[in-house]
Number of protein chains: 2
Amino acid sequence: MIDIRDRVRNAALHAKITTAEQAAELIKPGMNLGVSGFTPAGYPKCVPLALAERIKKENFKINLWTGASVGDELDGALARVGGIARRLPYQTNKDIQKAVNNGSIEYTDLHLSHVAQMSRYGFFGGKVDVAIIEACAITEEGHIVPTTSLGNSASFVQSADLVIVEVNTSQPLALEGMHDVYVPLDPPHRLPVPIVNVDDRIGTPYIVCGPEKIAAIVACDIPDGVRPLGAIDDDARAMSAHLIDFLNKEVAAGRMPKNLLPLQSGVGSVANAVISGLVDSPYENLTVFTEVIQDGMFDLIDAGKLAFASGTSLTPSPDGLKRLYANIDEYRKKIVLRPQEIANSPETARRLGIIAMNTAIEFDIYGHVNSTHVMGTRMMNGIGGSGDFARNGYLTFFFTNSVAKGGDISSIVPMCSHIDHTEHDVDVFITEQGVADVRGLSPRERAKVIIENCAHPDYKPMLRDYYERAVAATKNAHTPHILSEALSFHTRFQETGSMKIK
Amino acid sequence: MIDIRDRVRNAALHAKITTAEQAAELIKPGMNLGVSGFTPAGYPKCVPLALAERIKKENFKINLWTGASVGDELDGALARVGGIARRLPYQTNKDIQKAVNNGSIEYTDLHLSHVAQMSRYGFFGGKVDVAIIEACAITEEGHIVPTTSLGNSASFVQSADLVIVEVNTSQPLALEGMHDVYVPLDPPHRLPVPIVNVDDRIGTPYIVCGPEKIAAIVACDIPDGVRPLGAIDDDARAMSAHLIDFLNKEVAAGRMPKNLLPLQSGVGSVANAVISGLVDSPYENLTVFTEVIQDGMFDLIDAGKLAFASGTSLTPSPDGLKRLYANIDEYRKKIVLRPQEIANSPETARRLGIIAMNTAIEFDIYGHVNSTHVMGTRMMNGIGGSGDFARNGYLTFFFTNSVAKGGDISSIVPMCSHIDHTEHDVDVFITEQGVADVRGLSPRERAKVIIENCAHPDYKPMLRDYYERAVAATKNAHTPHILSEALSFHTRFQETGSMKIK
């Protein structure tokens with residue numbers, strides 16, 4: 001057994017160090033588990049694996065609430081034993097995804113800034129019964145030093161009846177000091193979030209808990225299940241170039257400061273490529289106020305371009321993780337991790353004037369965005385924080401490749417098959433084809449610029465044809481549509497395997 | 001000519017008192033006009049009428065930016081002479097509506113909290129050229145005392161090259177002191193909005209302007225074009241009763257304080273009925289943080305139930321207006337008018353924990369809401385502030401009658417024909433049929449509770465049939481849909497005049 005006594009700085013708590021199996025026994029069927037983790041970072045591993053083993057024998061279900069997606073030792077292991085009744089607020093694991101889509105897990109897809117407060121308000125059917133939190137260490141006062149993510153951990157600990165702490169020795173103690181933990185009061189007592197600069201610290205470097213609430217402490221040494229990023233391809237490079245070109249024009253027009261405004265970027269390869277592209281841009285003294293700190297941001301720090309990054313999770317690739325740990329004392333000066341309730345807060349997004357950059361599955365000619373459902377029905381991951389930032393940022397971008405499935409799917413469609421962000425929430429669309437700046441435009445104007453600037457040449461004639469016939473067919477339409485054909489791109493794909501007319 | 005010299009307290013400004021016709025001459029073709037007004041309250045009348053006359057002769061267009069909808073002397077008069085190229089952010093006038101839908105006016109439908117900042121950011125194609133502001137008075141310092149609404153007036157004045165003030169003698173001077181004017185700085189300099197209670201005052205009782213910027217002052221005595229409210233019918237009474245019953249349960253469960261949380265309510269007869277229903281409820285010491293202060297709130301004040309109301313506009317019925325003016329010294333102690341950028345701010349909505357209550361045109365079985373487009377194409381009014389409050393409130397309700405057009409339209413449909421609020425943004429749906437509490441539910445769970453609790457009995461079997469066949473048809477669907485039928489209720493209505501199957 002790994003000795004974690006030096007990481008449990010309150011000697012009286014050493015008596016609570018136990019096995020993962022014994023800790024898992026504290027969990028009763030039907031309980032609401034509030035668990036640390038945001039992306040495959042900072043989630044507990046050993047206790048969930050032990051819980052999955054127990055569920056395999058005893059056959060029961062729990063409700064799993066996290067920060068966002070988590071690693072396979074938690075989401076995958078519990079899903080494979082049928083142990084999850086209800087899951088929120090985000091997921092990427094393929095076994096969870098299967099269960100979400102076949103209806104065996106009830107999944108609630110939420111704005112990530114809403115989760116902590118709604119759980120405190122009691123809107124999810126009771127409050128947190130047990131919190132399970134991955135930690136670097138426990139302080140002398142019995143408070144919890146988190147690891148690579150903060151997510152909803154602090155709020156879950158505050159609400160929980162009891163807390164299981166998983167001390168992970170693969171997480172370096174040098175992470176200590178990187179966190180800024182602040183849990184707002186609930187209405188009618190809430191006060192302004194006092195952040196006015198991305199590097200403002202407003203809370204504690206640990207999650208307030210206290211020794212009494214800690215029911216069990218478990219040692220673990222399984223590392224975060226980080227994944228390699230896709231290579232940066234020509235399309236991603238083109239989108240990044242379009243973005244920088246657009247920003248250059250905004251700065252030239254006086255609509256943006258010379259060091260831009262705080263950048264937010266979604267997760268994944270395209271988002272990472274867009275951020276990496278800034279390394280070769282003219283911009284300096286950049287700041288980041290986002291959810292997930294990925295490799296591209298280390299590139300910016302190393303290039304001396306990034307003054308400070310605020311996030312709720314450190315999710316580098318395996319290579320990036322090595323790089324982070326090798327230089328953690330330097331990176332710690334330029335990075336803070338906050339609860340997602342603060343990182344994604346509409347209040348701070350609007351005040352700081354964030355440049356919001358997120359990816360879409362598809363968007364339509366009038367500017368609505370589908371972030372979640374393939375063909376309107378199959379859940380991919382979830383809305384995540386895209387709505388928090390898109391609605392409240394200074395300038396809001398959505399990115400997507402203009403086609404998918406080798407060209408059989410157009411990402412620009414007459415009407416989205418599912419809508420997560422509306423026409424009221426997006427300023428600029430970017431595909432590898434170009435940029436559609438829809439600020440201040442009417443729906444008819446948007447349709448023209450989106451089709452002409454963003455659609456793939458293979459689909460432009462079809463989209464123009466739909467739009468022109470819709471205008472002709474509707475005499476009294478702010479937003480021209482032929483409802484019987486609005487979803488015809490999708491139904492054609494379902495019937496023929498391609499949105500193209502054969 | 002009406003003598004307004006006593007209302008223009010800076011004697012040097014008396015020289016700028018002129019006719020509406022001469023003031024209208026300051027406006028050049030293609031200019032962006034930033035005009036006061038929010039609902040038919042506090043908008044200029046005489047200068048727009050003179051401008052419309054000039055346009056009739058000279059045939060040119062301007063761009064019209066306001067707080068929200070305005071009265072016929074502004075929207076109607078300018079629309080009828082074809083004088084508006086671009087209109088934002090909201091409208092209700094029938095002549096504007098016609099032009100918006102036939103495409104002769106480019107209309108941008110915006111979240112009302114976004115308008116002022118986006119206009120300052122320069123996102124609408126240039127900034128405000130001329131501001132036209134209705135006033136009670138001009139102070140000695142050359143600042144403007146607004147009338148029955150604040151809307152975007154303060155921001156427009158700040159941005160404008162020159163300002164035309166229309167002093168309206170039908171607006172009592174007793175309105176002075178009812179306003180709290182605060183214009184935030186823009187990023188990266190913005191600070192927290194320091195409101196923590198609905199009655200906090202954070203600004204000035206006037207719009208900061210200064211004598212130099214004032215180019216013309218015009219006298220006017222046309223009163224606000226307020227409209228009678230529809231009578232409270234049985235359906236509205238039923239929705240109000242459902243709401244109060246629901247709130248009672250939330251208070252009993254400890255999820256809501258005994259005096260509730262600040263109430264926000266949309267505009268119109270149903271919204272007014274819902275607020276009026278609180279007069280006979282057990283609640284006391286209520287507060288309101290909303291856009292528009294309607295008759296129902298005077299009822300609550302008169303009944304001693306309402307401690308304080310914050311809004312951006314006073315829009316009573318003609319009877320309510322008499323009542324307001326008769327008791328204005330009392331009402332002024334309990335009412336403050338703020339800029340809509342503050343009244344509708346996501347920051348304050350979330351901090352104060354607003355109970356958001358808005359009306360829908362239709363919602364779908366999975367919880368998406370259409371607030372704007374009849375049959376997905378024809379613009380009614382606009383999203384208004386519903387998104388500002390729905391996304392950020394403590395608890396979000398949408399109301400609608402379960403059917404429209406004498407039963408030929410079901411307001412609950414398989415898929416909305418237009419989406420303004422997504423499944424991520426609504427907690428509770430209420431029709432006269434009942435209440436669907438969808439907090440924490442998955443799409444499949446939502447479908448059941450929305451169909452069973454909110455749909456009209458005439459449409460329940462059709463909706464159940466669609467849902468069950470969609471579940472059967474889609475093996476891998478978080479959100480079951482048959483895309484070829486998802487909009488079939490709407491196309492049936494277009495073809496047969498009824499959503500019912502004949």
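By convention in this document, chain letters (A, B, ...) are assigned in the order of the sequence lines, proteins followed by strands, and residues within each chain are numbered from 1.
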B/Arg255 side, atom CZ; A/Phe123 side, atom CZ - distance, nearest 0.5 Å
7.5 Å
Identify the heavy atoms of A/Thr108 and B/Gly440 that sit nearest to each other, and give their distance.
OG1-O, 2.9 Å
So which residue, A/Phe124, A/Tyr366, A/Tyr121, ends up with the most heavy-atom pairs under 4.5 Å with chain B?
A/Tyr121
Closer than 4.0 angstrom, basic N to acidic O: yes or no for A/Glu347 and B/Arg190?
no
Between B/Glu250, B/Gln494, B/Gln117, B/Met256, which residue shows the highest count of heavy-atom pairs closer than 4.5 Å to chain A?
B/Gln117
d(A/Asn102 CG, B/Thr474 OG1) to nearest 0.5 Å is 11.0 Å
Side chain, backbone, both or neither of A/Met415 within contact of chain B (heavy atoms, under 4.5 Å):
side chain
A/His368 versus chain B, the contacting section by heavy-atom distance below 4.5 Å:
side chain
Please report the closest heavy-atom contact between A/Pro346 and B/Arg350, naming both atoms and the distance.
CD-NH1, 3.2 Å
At a 4.5 Å cut-off on heavy atoms, which part of B/Pro188 comes close to chain A: side chain, backbone, both, or neither?
both
Passes side-chain hydrogen bond (donor to acceptor under 3.5 Å, both in side chains), B/Arg378 versus A/Thr479? Steps please.
CA-CA 7 Å; B/Arg378 185 163 64 82; A/Thr479 301; over 6 Å; no
Chain A contact via B/Ala470 - which portion, at a heavy-atom distance below 4.5 Å:
neither
From B/Asp425 atom CG to A/Asp420 atom CG, the distance as rounded to the nearest 0.5 Å
9.5 Å
Between NE2 of A/His481 and NE2 of B/His418, what distance do you get to the nearest 0.5 Å?
8.0 Å
Region of A/Arg444 that comes under 4.5 Å of a non-hydrogen atom in chain B:
side chain
Residue part contacting chain A, namely of B/His373, when any heavy atom lies under 4.5 Å
side chain
With a 4.5 angstrom heavy-atom cut-off, which part of B/Arg87 approaches chain A: side chain, backbone, both or neither?
neither
Rounded distance (nearest 0.5 Å) linking atom CD1 of A/Ile105 with atom OG of B/Ser442
11.0 Å
Begin from the C-alpha positions of B/Arg391 and A/His114 and carry the test side-chain hydrogen bond (donor to acceptor under 3.5 Å, both in side chains) through to its verdict.
CA-CA 9 Å; B/Arg391 172 75 66 86; A/His114 286 193; 5.3 Å; no
Locate the shortest heavy-atom distance separating A/Ser484 from B/Thr491; write the atom from each residue and the value.
N-CG2, 3.7 Å
Part of A/Gln97 lying under 4.5 Å from any heavy atom of chain B:
neither
All heavy atoms of B/Val196 vs all of A/Pro192, minimum pair found to be CG1-CD, 3.6 Å
Under 4.5 Å, counting heavy-atom pairs only, tell me which of B/His189, B/Glu445, B/Lys475, B/His490 racks up the most with chain A.
B/Glu445
Are any of the side-chain heavy atoms of B/Asp427 and A/Met118 separated by less than 4.5 Å?
yes
Can you say whether the rings of A/Tyr107 and B/His478 are parallel (under 30°), tilted (30 to 60°) or perpendicular (over 60°)?
tilted
Counting only heavy atoms closer than 4.5 Å, note whether B/Leu483 contacts chain A via side chain, backbone, both or neither.
both
Measure B/Ser113 against the heavy atoms of chain A and call it side chain, backbone, both or neither at under 4.5 Å.
both
Most chain B-contacting option - heavy-atom pairs closer than 4.5 Å, from A/Pro184, A/Gly387, A/Pro187, A/Gly353
A/Pro187
For chain B, the option from A/Asp186, A/Val193, A/Ile383, A/Val100 that forms the most heavy-atom pairs under 4.5 Å:
A/Ile383
Using 0.5 Å steps for rounding, measure from the NE2 atom of B/His424 to the CG atom of A/Leu112.
10.5 Å
Can you tell me which portion of A/Asn392 sits under 4.5 Å from chain B's heavy atoms? Options are side chain, backbone, both or neither.
side chain
Basic-acidic side-chain contact under 4.0 Å: A/Arg446, B/Glu106:
no
Return the option, out of B/Val471, B/Leu395, B/Thr422, with the maximum number of heavy-atom pairs under 4.5 Å with chain A.
B/Thr422
So, the part of B/Leu487 with a heavy atom under 4.5 Å from chain A: the answer is side chain
